[in-house]
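For reference, the structure discussed in these notes is given below.
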Amino acid sequence: MAKFMFLLLMLGTFSLMFFQVQATVCMVCKSFKRGHCLMGKSNCTTQYSPGCRTRNFFIFSQTDGWVHNHTELDCSEGCYAENMYFGNLKTSTFCCKGEDFCNRYHGQIVKKDIF
Ligand SMILES: *[C@@H]1O[C@H](CO)[C@@H](O)[C@H](O)[C@H]1NC(C)=O
Ligand SMILES: *[C@@H]1O[C@H](CO)[C@@H](O)[C@H](O)[C@H]1NC(C)=O
């Protein structure tokens, strides 16, 4: 019985270590522009497989097409890499993991989107 309890304890310790290794620290930012966080800078930790989330927001203009407005960085349990359209608003989502603060590198750097 004691042997069984010990095994259970070891299993618990190992799974805890495993999850700590898997966790990625992500940057949180409400408004991220040109590599800098202008509003609501923080961080979060995610253990979920899609990892850190980067959402680029674009607004459609008649003269310039899709123009980058701002980028939001956070953690999401369900991060899906996709483009979504809401009328003249578009969001382009990226997910990353395995490197702390990796989501800051997916923010739109150039002003205009290629689409
Ligand atoms: C995460 O943010 C907290 C404050 O919200 C700060 O104390 C901590 O140092 C940050 N962690 C990292 C790894 O930057
Ligand atoms: C565009 O960015 C500004 C901050 O720079 C923000 O206040 C505004 O809500 C954004 N517009 C949209 C449609 O997301």
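Treat the numbers as computed from the prediction; the structure is a model and nothing was measured. Values reported hereafter were calculated over all heavy atoms of this structure, with side chains retained and with hydrogens, waters and symmetry mates removed. Start at 1 and go down the list; that is how both ligands and their atoms are numbered.
- The contact set between ligand 2 and Lys33, taken as ligand atoms under 4.0 Å from a residue heavy atom, comprises 5 (O).
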Between Cys102 and Cys52, does the disulfide bond (SG atoms under 2.5 Å apart) criterion hold? Intermediate values first, please.
CA-CA 7 Å; Cys102 58; Cys52 310; 4.0 Å; no
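- Between Asp74 and Lys30 no salt bridge is recorded (no basic side-chain N to carboxylate O distance below 4.0 Å).
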The test is disulfide bond (SG atoms under 2.5 Å apart); show your working for Cys79 and Cys95 and say whether it passes.
CA-CA 6 Å; Cys79 184; Cys95 315; 2.1 Å; yes
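- Atom OH of Tyr80 has 12 or fewer heavy atoms from other residues, nucleotides or ligands within 6.0 Å.
- Protein heavy atom in closest approach to atom 5 (O) of ligand 1: Ser42 OG, 4.1 Å.
- Of the protein's heavy atoms, Asn43 ND2, 2.9 Å lies nearest to atom 11 (N) of ligand 1.
- Among protein heavy atoms, atom 10 (C) of ligand 2 sits closest to Asn69 ND2, 2.5 Å.
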Do Leu38 and Lys41 pass the side chain to side chain contact (heavy atoms under 4.5 Å, CB included) test, and can you show the C-alpha distance, the side-chain angles, and the key distance before you say yes or no?
CA-CA 8 Å; Leu38 306 178; Lys41 188 176 181 179; over 6 Å; no
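- What sits closest to atom 13 (C) of ligand 1 on the protein, heavy atoms only, is Phe101 CZ, 3.8 Å.
- Ring to ring, Tyr85 and Trp66 are close: their centroids are under 6.0 angstrom apart.
- Counting only heavy atoms of the protein, atom 14 (O) of ligand 2 lies nearest to His70 CE1, 3.2 Å.
- Atom numbering of ligand 2 starts at 1 in the shown order; those under 4.0 Å from a heavy atom of Leu89 are 13 (C).
- Contacts of Leu38 with ligand 2, taken as heavy-atom pairs under 4.0 Å, are absent altogether.
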